[in-house]
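Atoms considered below: every heavy atom in the structure, side chains included; atoms not considered: hydrogens, waters and symmetry mates. Just so we're on the same page: letters track the sequence lines, and every chain starts at 1. These numbers were taken from a predicted model, which means no experiment stands behind them.
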Amino acid sequence: MQGRPSDLAHLQSTMHAFELACNSIQMHVNPAAAEATILSLGQSPRPYQACQFILENSLVANARFQAAAAIRDAAIREWGFLAADDRRSLISFCLRFVMQHACSPEGYVQAKVSSVAAQLMKRGWLDFTAAEKEEFFHQVKQAILGIHGVDVQFTGINFLESLVSEFSPSTSTVMGLPREFHEQCRSSLELDYLKTFYCWAQDAALSVTNRIIESDSAVPEVRVCTAALRLKLQILNWDFRDNTNAAGGVRSSINVFSAGVRHDNDSFKRSECILVKPGASWRDVLISSGHIGWLLSVYGALRQKFSCEGFWLDCPIAVSARKLIVQFCSLTGTIFPSDEGQTQEHHLLQLLSGIIPWIDPPDAISKAIENGKSESEMLDGCRALLSIATVTTPFVFDKLLKSIRPFGTVSLLSNLMCEVVRNLMANYTEEETWSWVARDILLDTWTALLVPVGAIGGNALLPPEGINAATSLFALIVEAELKAASASAFNDESDSDYLHASISAMDERLSSYALIARAAIDFTIPFLTRLFSERFARLHQVRGITDPTETLEELYSLLLITGHVLADEGEGETPSVPRAIQSYFVDSLEADKHPIVVLSGSILRFVEQSLDPEMRASVFSPRLMEAVIWFLARWSCTYVLPTETSNGNNCYSGHDDEHQLDSHHSSKDFLSFFGEYNQGKLMLNIIVRISMMTLISYPGEKYLQVLTCYQLLPALVRRKTICVHLVALDSWRDLANAFANERTLFSLNSAHQRSLAQTLVLSATGLRNLEASNQYVRNLMGQMTAYLVEICSKNDLKNVSQQPDVILSVSCLLERLRGAASASEPRTQKAIYEMGFAVLNSLLILLEVYKHEFSVVYLLLKFVADWVDGQIVYLEAPETAVVVNFCMHLLQLYSSHNIGKISLSSSSSLLSEANTEKYKDLRALLQLLRNLCSKDLVDFSLGEAADTNMSQVIYFGLHIVTPLISSDLLKYPKLCHDYFSLLSHMLEIYPEMVAQLNSEAFAHILRTLDFGIHHQDTEVVDMCLRALKALASYHYKETLAGKVGLGLHAAGCTDPDGKFQEGILSQFLHSLLQLLLFEDYSTDLVSAAADALLPLILCEQGLYQKLGNELIERQANPTLRSRLANALRSLTSSNQLSSTLDRMNYQRFRKNLHNFLIEVRGFLRTV
Amino acid sequence: MSDEEHHFESKADAGASKTYPQQAGTIRKNGYIVIKNRACKVVEVSTSKTGKHGHAKCHFVGIDIFNGKKLEDIVPSSHNCDVPHVNRTDYQLIDISEDGFVSLLTENGNTKDDLKLPTDDTLLTQIKDGFC
């Protein structure tokens, strides 16, 4: 950088200004101006000389940092038109800089410069020849091998770290390039360099190990070794894809899928454990080189030194070494030769023997931690067990330890977990302690062992010794949970937020407990039965004498645990009996003596006592009932009236079939006990009685009623086999009758009434035939429609309606109707249509009367939206016309009440409430319109006339809704989403209707479109672009065919002042080009933007030419100008682009636009 | 307007009740409730329990609809609360007089002239602009 004196002076002054800015930003003196100075350097054309000057000469570290950032910004932007030499010299400058200043104390500047080098390297990766890359890497290799000393060695490793993270898609920085670029870089690095880097890191580590082991205090080499270990860890964390040994061409396509599968496994709860699958080519480096032995010996040597100065359990090098060891435990895949797992077993055994001292003997370790030793080594040991469990089967896992200890690994795991649970029991606190963390990791380990990847729901079998271990562990776990329960029985200060979080955490934990319990099923079921009967007996003894709260809380826990053990979560499906329980075989062949039957029976008998008022008052607290209802919901899904197939098919889903035959018999026997011809109906009857009782006898217990209304009852009506019996039960008839004809259930929360209505209507599917089902619904809802109609026909409605009791009953009725409407099924559709039809007029009256009562209006709109949603697909043309007309009236009435309404309130919180209400209403309206739209997606049978009718009402709806939608309201993401999806749908399907809109509505729609294009949410922008494409292509096609298309809207007009106003398509061409060329957006949008841009250009060719020329003329630099001109030319001419709007042409244009933007955006944005 | 007017004490006057009993558990946010003899709009409802195995209670935060003051109450959720009968009347604005009073048209054709313009500036301009 030797320049003439004047140059030098100029550089000096730039540097001073820059330093000043950097300093003032740190001191907070006029930060805006300082920031502008700093940014301007990066944005100016070719600032490299100045930046390099600053880097080399400035004494202000912050200025050097910013200068490096400026190099990065400018180079990434200008990369396209930098000469090859310039590109290379920038990278080698950065590399040289970090090497030369390796011992500089400002680590962050070093890190920044090396990351800049890494980013530039990646930017040019696909252009550089192999020899050019070799040249850079030679330099790096020299450094890493330690030729230039320890500091340079560290710097070299550091550079590789930046490089690897830059090439890994999840950590790469944005470069404004398409995803394919990043993908190509990734696979190129993985194939050609990653292993080499790993070897370098290994060599670097080896070269310093001896020095570290020999010395008794921290030496500089420790830093190098730590960095090398970190780099290795990072490389092993790489998302390896090209690892199958399948040949050539097929490979990449297979890997796309295998990558997807792996992702699924990861997301499956064990987020902590990532499998490492580097593939066969890594075998020599990782497995056969004795690498593991070296690593373990290094850590072993470090362990000896923890007493020395400069080393301790959590010092960076120890942490990195441990992490690497844990990472090695999850090594799997084709890296191991196919020798029936021998190499892998050997590998794991070697690791395990290194890890054992961290966790064994558990009691001593736990004691040491209690006495102040750091727990991190023990936790890492647990993580290693988790990794090993993930990559092995239970048998292999257990066998591993047997060669070095008298017991298996499962026993060790169990002992370790027992120790942790004991520690938890001893120090019961709400805070997270090490034993919490350890427990969670170990529970994950059990899950990994017991639910092998791929087999869903099945339990893998443990070896006999492992079953014993699981037995004692489960007993201890239950003991601990019960103790915790009785200890916490009197705490009630915990606030509800925390409670919810801990409930879902607890659910996860209980599922893991259940897996352990099922592994030792022979022990578990009698054990739980005993615990229950002890507590029942105790309750009876103390009833009325002492406070039973502790026992109640214990029962609460036991019910939760037992529910998890006996049945799986259905998540909307019908869960089958868990495999461990299906294969649970006992000698006794009588069904009613089967342990599962005994346990379920004793719980059910106990629960039944809640029907007795006296028992209810003294024993069944609301909280206990919550557990009861939860248990009944979960248990009844699996056991009550089991479907015949559930014990046939599901048995064979697993892999090991040896137990299949006997298990089949046993499960069939005991399941039949709960069946149709045995106790099934009786149990169902009890369950319905109990649920009805919770709704009536526990007034105001919201959470209990939520469980009944949203979990238990819906679970019952989900299966048709149960519905058949339900509708025949007296108890169910009582419930329906109470709902239809009595006042009691009106005191339920209105949302619960909705769900109850839905449940009751759904149960109608259990009736014999269509007519009976419809009649059932009519009987159920007839009273309500009649009542609603009656209210509306009152003369003094206007006065009466405002009374709170009337408002309450109207709200409840509307909620009930809505519940019934949302239960629309083909069988009951007719009755539900009649139900809605009966109240149509009343709804309009109510909308008028309650125009100021937000909550009622909202319920009303929601009911109509749900009703239309459920009905529209079934309706014939005349019925459709009725519905459409009604909706039109509804919309008119609603808008007449709400346009221009101002809320006047003295309290700001009430004001914001009013806003929220409005938002909710509008969403309901948009939903209604969208539901109406769905008719033209499913039904092509309607005639032309009905079709236009439909589009008219929706356009009319848009007419009404759009003025209500303000830019404030569009800030609500859901509303914004709904609105634009409706808009784009409409413009795509009925563009011809747009032309007919009046100019005001039209302008409003376009204003919102313009707003949407500049929205941050890419999905919204995408929808707007689709709408725009539809609009422009419609106009183009129409005008080609000699019609008017959008007519006046597109032509533009002269406004009263004589100024010419552009047509709307020109406006959008303008703003879209502006967006594409000069603003920030996600690259994902380019394709959608291309689809919109093409028809716009075709419509407005003249304007497009003009804009293009303006762009070119604005460019002062002649090289850039010719580049831009060429790019613009090829945008519209390359790839045989024609002027038609077919699929091929759209595709070509997308490609063209992508290339165009890569070519020109870099320099256009700086101007 | 004096505060006394809005109290709901059981005066022995005949006529329709000004409140209606409703179970506390069913009163929701944005509904109305009487707290300490004042009619309030409910802005917050939360539930809690007396001890783990006790019964649920509702905690209401209400805003007095007349003076905007915040009031709170705790009621067992199975008990009844008083819900006030809140009336609202719409008037059409027919004039704004120079002294800051508005002239309103009532439903039976009379005018109501005893209300002042609001003091809040934005609201004031909104009304004035809307009227013009």
Side-chain angles (χ1 to χ4, degrees), chain A residues 485 488-496 547-550 552-553 556 619-624 697-705 746-753 799 802-808 811-812 851-855 858 900 902-910 913-914 916-917, chain B residues 16-34 41-58 61 63-70 75-80 82-90 107 118-120 122-123 126-127 130:
Chain A
S488 70
F490 294 102
N491 308 356
D492 55 358
E493 64 269 25
S494 55
D495 60 314
S496 54
D547 181 9
T549 309
E550 281 184 24
L552 294 183
E553 190 61 22
Y556 180 88
V619 171
F620 289 91
S621 72
R623 183 172 158 89
L624 181 59
S697 307
Y698 286 88
E701 296 297 342
K702 232 188 210 156
Y703 188 62
L704 173 60
Q705 287 163 354
F746 271 100
S747 64
L748 277 184
N749 186 314
S750 59
H752 299 172
Q753 295 185 41
N799 294 327
Q802 303 304 323
Q803 285 166 12
D805 50 337
V806 178
I807 295 182
L808 184 67
S811 319
C812 289
K851 58 185 175 191
H852 299 306
E853 205 61 53
F854 283 121
S855 58
Y858 175 68
I902 295 167
S903 182
L904 201 162
S905 175
S906 48
S907 148
S908 64
S909 69
L910 290 187
E913 281 304 324
T916 322
E917 297 289 351
Chain B
S17 162
K18 287 178 180 171
T19 64
Y20 161 78
Q22 187 178 333
Q23 195 188 80
T26 63
I27 295 180
R28 299 220 249 163
K29 197 175 162 184
N30 294 333
Y32 294 101
I33 188 176
V34 176
K41 179 152 185 158
V42 181
V43 288
E44 202 182 308
V45 189
S46 53
T47 49
S48 58
K49 284 188 173 178
T50 41
K52 260 193 178 166
H53 288 270
H55 291 275
K57 290 173 302 184
C58 295
V61 179
I63 290 184
D64 190 318
I65 56 175
F66 295 106
N67 60 20
K69 278 194 187 128
K70 196 190 250 186
V75 191
S77 65
S78 57
H79 286 206
N80 281 339
D82 285 338
V83 176
H85 184 169
V86 178
N87 257 329
R88 58 182 292 159
T89 319
D90 295 338
E107 221 166 48
T119 45
D120 182 66
T122 50
L123 217 58
Q126 223 171 349
I127 290 180

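- What you find for A:Pro804 and B:Pro84 is that their closest heavy atoms are CG-O, 3.7 Å.
- A pairwise comparison of heavy atoms in B:Ala56 and A:Gly700 identifies CB-O, 4.0 Å as the closest pair.
- B:His55 is linked by a side-chain hydrogen bond (donor to acceptor under 3.5 Å, both in side chains) to A:Glu701, counting only residues two or more places apart in sequence or in another chain.
- A:Gln802 and B:His85 are not linked by any side-chain donor-acceptor pair at a separation below 3.5 angstrom, with hydrogens and angles left out of the test.
- With sequence neighbours left out, the side-chain hydrogen bond (donor to acceptor under 3.5 Å, both in side chains) criterion links A:Ser747 to no other residue.
- Interface remark: A:Glu553 contributes backbone and side-chain atoms alike to the contact with chain B (heavy atom separation under 4.5 Å).
- A:Leu808 touches chain B through its side chain: at least one heavy atom from C-beta onward sits under 4.5 Å away, while N, CA, C and O do not.
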Legend entry - Derivation and outcome, side chain to side chain contact (heavy atoms under 4.5 Å, CB included), residues B:Arg28 and A:Ser750: CA-CA 10 Å; B:Arg28 299 220 249 163; A:Ser750 59; 2.7 Å; yes
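- Across all non-hydrogen atoms, the minimal contact from B:Thr26 to A:Asn749 is CG2-N, 4.1 Å.
- In this structure, B:Ser77 and A:Pro699 approach most closely via the heavy-atom pair OG-O, 4.1 Å.
- Remark: the B:Lys52 side chain and the A:Ser621 side chain contain no N/O donor-acceptor pair separated by less than 3.5 Å.
- For A:Leu704, no part sits under 4.5 Å from any heavy atom of chain B, backbone or side chain.
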